[in-house]
Amino acid sequence: MKSLAILGSTGSIGVSTLDIVAAHPERFRVVALTAGRNLALLEQQIRTLHPELVAVPDAADAESLRARLGAAAPRILSGRDGLIACAADTGAQMVVSAIVGAAGLEPTLAAIEAGIDVALANKETLVAAGKVVMSAVARHGIHLFPVDSEHSAIFQSLAGHRKDDVRRLILTASGGPFRDRTAGELELVTPADALAHPTWNMGQKITIDSATMMNKGLEVIEAHWLFDLPPEKIAVHIHPESVVHSMVEYVDGSVIAQLGIPDMKTPIALALSWPERLALDLPPLDLCSLGRLHFHEPDNTRFPSLALAYRALRSGGTAPAALNAANEEAVAAFLGHRLGFSVIPQVIAAVLDRQAVLPADTLAEVLAADAAARQTARQLISTEFGGTR
Ligand code: NAD
Ligand code: MG
């Protein structure tokens, strides 16, 4: 029986994780849950799972959750300290890090520092603070299991091989809903258009990141930290079917890939149970009825965000934290109809141009870079890039 603390339990990854837990009640016990604003779903999860500890960001939400649950209420905390307590203080054997955005950084780091294994969905944590996080992982000797499907595929394709024999990693990308749109058409894209993803059903922020290709950029940086390879050894192929989840090419020309239907339950379950595999009730991958799989190079002209991520990774230091923060602000502005779709990468590039690259060796340095980049991005969105939508 493995005890789990689930950070971001009401999101797409959180709900899929709880589906796996419900299908394997003999394997998992949920001791802590955290969520943002979906109190109705959180209440239902608490009534079903009986966690010992729960946290929400807002104190008033914590109070109304207590009132809703009455005698069934567990300890309910709020704010940053509440999130950190859920991550680090419950004696959980594994933390599932599935909050979206840099908000997930501090609780994830707290779990690692408490010596707890982490199933990591929250890629922004590694993008912003890769050095801080990976050195904490090494110092505390914990396991950091990737949940992102591409990184799970690479993790599986590396198993049993020597890292020295790797020529390069090849991350696959669906290309998002706009992979065939012209630059002119991209300027007219609305949030509603962008939220309809062809193959994956995900939270809003990552769905927009998939449409701009920044999701793949964040994943290149995530792969750099997880697998300790330089940017020139990490390639991206567009693969619209989303069946080959990623590949490792070795020095002898062998390419090892992991395939499956596009469903996050597979990589989530593997992170929860590695090295065992849990039986999942998913339709099998039927390659014969698919018939063909397609691959092509990404188009950096129509989708500049991927190249911006490579640029930030090569710059090093605080540049990826600035990239991530600027992207979060630009995506929020796009979703709020305050910024055009094609302007998202322009805001990020402008923030990278303006922000000095400093060392990112401590959490404080990362948080300062994140805050500075957000401020610059917000200013640019309301002035220089204002009125683009
Ligand atoms: P989501 O928006 O569906 O869920 C996010 C969760 O975090 C929710 O429970 C929300 O209440 C909570 N949350 C949001 N802001 C918060 C804050 N400030 N403080 C505390 N909690 C907060 O997102 P998702 O699609 O489940 O993605 C979660 C993470 O996993 C992201 O980092 C994403 O990039 C990554 N990821 C998701 C998928 C996917 O298929 N959804 C795949 C790979 C990686
Ligand atoms: Mg992914």
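Counting convention: from 1, in listed order, for ligands and their atoms alike. Computed from a predicted model, the values in this text were never measured in an experiment. Note that these values count all heavy atoms, side chains included, but never hydrogens, waters or copies made by symmetry.
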Residues Glu113 and Arg139 bridged, charged N to O under 4.0 Å: yes

Side-chain ion pair, Arg75 and Asp89, N-O less than 4.0 Å: no

Proximal heteroatom of Glu219 relative to the Mg ion (ligand 2) (N/O/S): OE2

Closest Asp148 atom to the Mg ion (ligand 2) [N, O or S only]: OD1

Presence of salt bridge, Lys163 and Asp228, under 4.0 angstrom: yes

Which atom of Glu150 approaches the Mg ion (ligand 2) most closely (N/O/S): OE1

Mutual orientation of the aromatic rings belonging to His239 and Phe295 [parallel < 30°, tilted 30-60°, perpendicular > 60°]: parallel

Geometric class of the Phe145/Phe155 ring pair [parallel <30°, tilted 30-60°, perpendicular >60°]: perpendicular

May I have the N/O to N/O pairs between ligand 1 and the protein that fall below 3.5 Å, each with atom names and distance to one decimal?
residue: ligand 1; atom: 3 (O); partner: Ser12; partner atom: N; Å: 2.9
residue: ligand 1; atom: 9 (O); partner: Gly8; partner atom: O; Å: 3.3
residue: ligand 1; atom: 9 (O); partner: Thr10; partner atom: N; Å: 3.3
residue: ligand 1; atom: 9 (O); partner: Thr10; partner atom: OG1; Å: 2.7
residue: ligand 1; atom: 9 (O); partner: Gly11; partner atom: N; Å: 3.1
residue: ligand 1; atom: 11 (O); partner: Thr10; partner atom: OG1; Å: 3.3
residue: ligand 1; atom: 11 (O); partner: Gly36; partner atom: N; Å: 2.6
residue: ligand 1; atom: 25 (O); partner: Gly203; partner atom: N; Å: 2.8
residue: ligand 1; atom: 26 (O); partner: Ser12; partner atom: N; Å: 3.1
residue: ligand 1; atom: 26 (O); partner: Ile13; partner atom: N; Å: 2.9
residue: ligand 1; atom: 30 (O); partner: Ala121; partner atom: O; Å: 3.4
residue: ligand 1; atom: 32 (O); partner: Glu124; partner atom: OE1; Å: 2.7
residue: ligand 1; atom: 41 (N); partner: Ser12; partner atom: OG; Å: 3.2

Residues Arg354, Glu384: salt bridge by 4.0 Å N-O rule: yes

Heavy-atom check, side chain of Lys123 versus side chain of Glu219, under 4.5 Å: yes

